[in-house]
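Below, chains carry the letters A, B, ... as their sequence lines are ordered, and counting in each starts from 1.
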Amino acid sequence: MKFAPVEEQLLHLKRGTAEIIPEEQLRMKLERSRTTGTPLTVKLGCDPSRPDLHLGHAVVLRKLRQFQDLGHSAVLIVGDFTGMIGDASGRSKMRPALSLEETRRNGQSYFDQASRVLDGERVRMVYNSTWLGQLTFEDVVRLAGRTTVAQLLAREDFSARYRRDEPIGLHEFLYPLAQAQDSVEIRADVELGGTDQKFNLLMGRTQQKSVGQDPQVCMMLPILEGLDGVEKMSKSLDNYVGITEGASEMYGKLLSIPDGLIYRYFELASDADTHHLPELALQCRSNPRDAKHLLAHTIVGMYHGLDAASQARAHFERTVIRKEIPDAIDEFRPQADGPIGLLSLLTQAGLTVSNGAARRLVTQGAVRIDGQRVTDSRLMIDLDQEAPFVVKVGKRKFARIIQ
RNA sequence: GGGCAGGUACCCAAGCGGUCAACGGGGGCAGACUGUAAAUCUGCUGGCUAAGCCUUCGGAGGUUCGAAUCCUUCCCUGCCCA
């Protein structure tokens, strides 16, 4: 195996990272790997309780991909065992514990999605229940003896909850130990994670040292802000772009990010060439609108191909900029004998969640039929006469009503 | 195990026998203006073919003409004591 010069590797690997502990050790590991021709083992733990991946998850997956592209070995650890614990990192609530079976089921789904970012052929995927499930109570006690309550309480997420008189399960304290054991088990050279994982990653070093292994380098990536530009990207906040989402949906969502985030997305979520980043940074400042379109095109291209990205752009221009009706929209055939009320039609077609919601939207002028605004919530529609026609709700919900 | 304080809509949080589908804030949605950006203004934010009706305030019972509000019991959380 031939590796690129260390400095060249570092240029790519350091891109976008928040912190590398210790950076010097990464250089040493890379040098050793190059001279001995041995790839580094790069670990990424994944949380199988949330199998829907978005661009936020992709940040760290992209980093793993960069390691792969430089010839190193990726190990994806599915935390089926740790999933039963539920890590508190970065969240202020206890996470629901899953059954081993549920976490297993999600593991494959996670892998399938992650393969859209990674080189799926060259990933080793392992379940940590394989070894964690073998530990005896004695083993656990021994591991637990290597850390202190004060250290754990120093973590912001624990201390904050403690201050607020919120519950902290004792088992949650075991999470970092379990994750650290994973590093020992696979002899990780590098472990990737979000900045919220710092404590857990460092625990890996501690445990590796205690069994005489060369400790892993901890590489932390920033937490990507969601579409709102403030909160971290997450599905529950509905400020995310899922990596399995359709091209048009992705394109539109990406254009809705605040200007200040454009460069960050280029750096962390796109495959834009590292050497071009300074140039892009300038463009983001001088011409945010075009830069944002370029960003959307780039990212959609990564997941759907460049043709699809161009189509998504055309679709966007047509529906949003020129406010025309999209070429391909879902058709819906209402269930009704005789005339149907507008509200039930909207709800039946899935454009609104309830008749109440439909009423509000109609009253507020958010509903159009064939481009004509409709504000009468009591409108009855005779499908025999009117269908087919196109209804639009809000900015981007369409349906073609047929008979 | 004992004492105390709590559990209200997506989140925070008022309410403490009728005027409560429940104040206020956050978030969200929609409209105007835009570059589906920012800023700003406005409206909405349980369900129902609705001037009315139905289901909500941890669960289950009860008191009452009437309960988110009172009582009993169970579950859950935090604090103090052991």
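A:Glu24 has a carboxylate O that lies under 4.0 Å from a charged side-chain N of A:Arg27, or vice versa, which qualifies the two as a salt bridge.
In this model, the phosphate group of B:rG46 is not approached by any side-chain N or O of A:Ser354 to a distance below 4.0 Å at OP1 or OP2.
Looking at A:His293 and A:Tyr251, their side chains do bring a donor and an acceptor atom within 3.5 Å of each other. Inspection of the A:Gln68 and A:Asp119 side chains reveals no N or O donor paired with an N or O acceptor under 3.5 Å.
The list of side chain to side chain donor-acceptor pair (under 3.5 Å) pairs with a residue in residues 341-357 of chain A, not counting sequence neighbours, reads A:Thr347-A:Thr352, A:Thr347-A:Asn355.
Across the protein-nucleic acid pair, A:Glu231 atom CD and B:rG28 atom P stand 9 Å apart, rounded to whole Å.
Judged by atom type and distance alone, A:Glu166 does not reach the base of B:rG78 through any side-chain donor-acceptor pair under 3.5 Å. At a cut-off of 3.5 angstrom, the base of B:rG27 holds no donor-acceptor pair with the side chain of A:Asp228. Remark: the A:Arg289 side chain and the B:rA37 base include no donor-acceptor N/O pair separated by less than 3.5 Å.
Residue contacts shown for A:Leu361 are limited to sugar-phosphate atoms, with no base heavy atom under 4.0 Å away. Note on A:Arg373: only backbone sugar-phosphate atoms sit closer than 4.0 angstrom, heavy atoms only; bases stay farther off.
When the P atom is compared between B:rC71 and B:rG18, the two are found 15 Å apart, to the nearest whole Å.
Base orientation of B:rA50: syn, since the glycosidic angle falls within 90° of 0.
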